[in-house]
Every structure is written in structure tokens, then in C-alpha cells.
Protein chains: 2
Amino acid sequence: MVEDERISRADRRRRTEEAIVTAARRQFGELGYERTSIRGVAAEAGIDPALVMQLFGNKEALFSAAASAGVGLEALTGATTSELARAAAAHLFADFEDAERRGGAEALLRSCLTHPAAGAVLRDQVMAPTQAAVAATIGGDDAELRAAVLNACTLGVTIARYLLEDPVLAAADRTDVERILGPALEAIVSTGA
Amino acid sequence: MVEDERISRADRRRRTEEAIVTAARRQFGELGYERTSIRGVAAEAGIDPALVMQLFGNKEALFSAAASAGVGLEALTGATTSELARAAAAHLFADFEDAERRGGAEALLRSCLTHPAAGAVLRDQVMAPTQAAVAATIGGDDAELRAAVLNACTLGVTIARYLLEDPVLAAADRTDVERILGPALEAIVSTGA
DNA sequence: GTGTTCGGTCAACGCGTGTAGAGTGAACGT
DNA sequence: ACGTTCACTCTACACGCGTTGACCGAACAC
């Protein structure tokens, strides 16, 4: 806007798309799907609302673009049972501690209870694969259920700390939380088989 | 509607109020605050939208009335440290297993991430007191943080099971979930002091 | 019986939303 | 140099929302 020294069309587009997605991530993450409006995102990105439509098609697609990045679970499949608990704990946290990825993860999690599509993505594309990997590592009869509980606990702490902003949990140091959560998750994976 | 055999005015009012709150609980619980409309609630209750306004004032008040019941934490303060873990686990579950109270609890939890008031109520009026009670029972330096993590885990499992409807967790028997979650919560409260 | 209260309906308001289509001016290929 | 492409804006539509005030008829008090 204030800088305009001969920018190529491709660059211009890339920049605006990025500005839109960034603004969208911030608002979806802070307000959730319903309270976030295309007009609001456009205003924060400094462009016209209609341009958002033109570039992303509709609000749903914009949300997908905003929530897509930031929920990877790499480096969990190879762990041994004993490492796995702490790895799983650190996994979701990582998305929120990294400023780069936090936006997307927050957007997805914020809306997962009220927006059906977000809930489906979280359930089927984030939690299910993680649970499958964990269940495969730990054995026993209840492997799947144990993995699900482990996942749910991590989810709960993440939600309470970063979204609900429970005063105690939000103020605590990350390592302290992991120190307390770690043994609990170990208890989940190790009691059975 | 089909029954009309001389109903007193007081009875009539009580019945409609109840019908409205019931419908509101169902819709707030299923759809969340934003997607639930006064028109929709009125339709399900079989009355005019304006009547909801007349009886409850505004949407916010209706939500409060719908979400108020169902989140009690009685019988947690007296427990010893060893009992406490399982008691805390059973506590939030109870609200969801009892068909009577489930509506209110679900309404509150469904909207806690997207509706600021709901989040504040859950944080300050449900989680904080529980944490204080738990922290008082278990000792040690990190008592508060431990209590917070314990609460967050319970919250996570409840959300995953009843709201996100994680297939594994939702299908599992309640006692199985408690059997796995119990030791984990015990690990949280017992590792420290 | 009569006047009043009150549960309930009806029609309408102002607003914010997602979205569509025509238009504009600068970067582009030739 | 010129016609085209394309990022971008402006205006506007249709809709659903929360909310309001006037109105109606039956239960009430006397």
C-alpha cells in the first residue's frame, strides 16, 4: 500500500493472498468460524471483501486454507512405547508454540465444536491418524482406546491452555506442564499389556 | 397444543417456559451459540419467536437459562487424594450420562470456545472452583498446576467423547474409559509431594 | 357480568452477512 | 505502441438474524 515500487503481478497476488490467509487465520483462531466475517478479514488485510471471494471462492474454502497448515504429526510413528507419551504431548503443543503454525492450529481447534467441517477434519484427519500410529506402537487389547484417551488428554490440555486460557495453565511454563502431563500419558500407554 | 382441557395460566406459562428451555438446551448443545437461532428454538418449542423474547429478554439470557443447570461438582471436596482422581473423572462424565443434566452441560461446553461468556463461565465458575478444591486436597508445590492439568484431561476426554464424538471414545463403555483414565489422573496427583 | 391481567401471535424494523456482477486501471505479451 | 489480461474495487442483492410494539383472546379478580 505504501510500498509500490514496480511489483510484478504474480508477486502482488502472492502477497495479497498471504495477507488474506494471515488475517483469516488470526480471526478464525480468535473468534471462531461464525463470528469471523469475510468483511472483517478483508478489512484486516487491507483489501476489498469481494476480492476474498474472487481468490478463495467462499467462506468455507477460506477457512480450509487458513486451517490447513499447522497440524502435522510427523515424528511420532517411529517412537518406542516409552518415548511415545512425551512425544505425543509435545506434538500438539509444538503447533501452538511455533508462531508460524499457531494460527492454523488455533483456527481449526477454535471452531471444532461448532463448525461441523472443522470437527470432521480434526476428528478424521488429525486425531484418527495419530491414534492409529499410537495404537500400533503400544500393543494390548485396548490399544485403540488407550490411544484415544491419550489423544483426548493432550487435546484437553491444549484447549485449556491456549484457547480457554485457564489462568493457571496459561501462565505455567511449557516444560512444567509437560513434566506433569508426561507421567500421566505414560500411565495410559503402559498399564495395559 | 392437542391437549387443552382447562389449563391454568400459571401452568400454561410454566409449561411453555420449560418447552423453550428444553428446546434451547438441545439446540445450543448441538449447534452452539451462534448457529442456534431464537426462531429455531421457538419453532421446536411450538410457539412464536417473540414469546421467547418476552419471557427471557434476549438471546444471551436464554443461553444462560439453558446452560445454567447441569454443571455441579458436589462431592469432590471431601475426597482423599487417592479417591480424588477417579471422583474427578466421574464428575464431568456424570453430567453427560444423566439425560436430565446433559443438555445444559453440552450447551455450555459446545460454545465455550467461540462464545466469550460461555468460556468465562466454564473457566471461572466450573473449572476454577474444581481446581481449587483439588489443589487443596493434594499438597505440594505444583498443586494448582497439577489440579489444572487434571481438569484439562477430564475436559479433553469429555469433549472428545461427547462433543467431537471421536468414534473410538464414543463407542467405548464408560467404565472402560474410566479404567484407563483413572491411573493417568492418579499419576498427576501423586507424583509430586 | 364486567373490567383487567396476561400468555400468546403478527407484522415489521434495522442490521450484518455471504455472495454476484459490472467496471477500472495498471502490468503484461507481442 | 497496443490490445489483452488480471488484480482489484464498487454497488447491490437477497437473506436470516435479534429485537420491538401493537394487537387478540382466554383466564382471572371482583
Side-chain angles (χ1 to χ4, degrees), chain A residues 1-24 27-28 30-67 111 114-118, chain B residues 1-24 27-28 30-67 111 114-118:
Chain A
M1 295 302 135
V2 67
E3 299 265 339
D4 60 348
E5 25 164 307
R6 301 306 163 84
I7 312 158
S8 85
R9 248 188 333 213
D11 272 10
R12 198 106 184 82
R13 173 173 185 149
R14 204 170 37 77
R15 282 195 207 183
T16 11
E17 258 183 8
E18 199 172 292
I20 294 174
V21 170
T22 301
Q27 297 210 16
F28 280 128
E30 182 182 334
L31 306 171
Y33 184 85
E34 322 292 343
R35 289 177 122 87
T36 296
S37 71
I38 288 185
R39 282 171 165 85
V41 170
E44 185 172 328
I47 47 101
D48 193 273
L51 184 55
V52 177
M53 296 300 299
Q54 200 170 137
L55 294 181
F56 292 88
N58 56 30
K59 189 179 177 182
E60 198 73 36
L62 175 63
F63 178 77
S64 294
S111 300
T114 45
H115 189 55
Chain B
M1 298 302 132
V2 68
E3 298 266 337
D4 60 348
E5 23 162 312
R6 299 309 162 81
I7 312 159
S8 84
R9 246 186 336 212
D11 273 11
R12 200 104 182 83
R13 171 171 185 149
R14 205 170 36 77
R15 281 195 207 181
T16 29
E17 256 182 10
E18 200 173 292
I20 293 174
V21 170
T22 302
Q27 296 209 16
F28 279 129
E30 182 182 335
L31 306 170
Y33 185 85
E34 321 293 342
R35 289 178 121 87
T36 296
S37 71
I38 288 185
R39 283 171 163 87
V41 170
E44 184 172 328
I47 47 101
D48 192 275
L51 185 54
V52 178
M53 284 288 126
Q54 201 171 139
L55 294 182
F56 292 88
N58 55 32
K59 187 180 179 181
E60 199 73 36
L62 175 64
F63 178 76
S64 294
S111 300
T114 44
H115 188 54

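A, B, ... follow the sequence lines: proteins, then strands. Residue 1 opens every chain.
For the atom pair A:Ile20 CD1 and A:Glu17 CD, the distance stands at 7.0 Å (nearest 0.5 Å). The CE atom of B:Met53 sits 10.5 Å away from the CG atom of B:Leu51 when rounded to the nearest 0.5 Å.
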Letter per nucleotide, 5' to 3', of nucleotides 14-24 of chain D [B base touched, S only sugar-phosphate touched, - untouched; heavy atoms, 4.0 Å]: ---BBBBB---
Trace of the side chain to side chain contact (heavy atoms under 4.5 Å, CB included) decision for A:Phe63 with A:Thr36: CA-CA 10 Å; A:Phe63 178 77; A:Thr36 296; over 6 Å; no
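If you take CG of B:Asp11 and C1' of D:dA27, they are 12 Å apart, rounded to a whole angstrom. Nucleotide C:dG8 holds its C1' atom 13 Å from the CD1 atom of B:Ile7, rounded to whole Å. Between the CG atom of A:Leu51 and the P atom of C:dA26 there is a distance of 17 Å, rounded to whole Å. Atom CZ of A:Arg15 and atom P of C:dA27 are 13 Å apart (whole Å). The CZ-C1' distance, from A:Phe56 to C:dG18, rounds to 16 Å in whole Å. Atom pair A:Leu55:CG and D:dA7:C1' shows a separation of 8 Å (rounding to whole Å applied). Computed from coordinates, the A:Glu17 CD to D:dC6 P distance equals 14 Å when rounded to whole Å.
Between A:Thr16 and D:dC8 there is a side-chain N or O to OP1 or OP2 distance below 4.0 Å.
Ring-plane geometry between A:Tyr33 and A:His115 is classed as parallel, the angle between the planes falling under 30 degrees on a 0 to 90 degree scale with a further cut at 60.
Counting non-hydrogen atoms of other residues, nucleotides and ligands closer than 6.0 Å to CD of B:Glu18 gives a total of 12 or fewer.
Candidate nucleotides D:dA7, C:dC28, C:dT9 were compared by shortest atom distance to the side chain of B:Ile47, and C:dT9 ranks first.
Heavy-atom minimum distance, A:Val41 versus A:Ala23: O-CB, 3.8 Å.
At a threshold of 4.0 angstrom between heavy atoms, the contacts of A:Arg13 are confined to the sugar-phosphate backbone, with no base atom among them.
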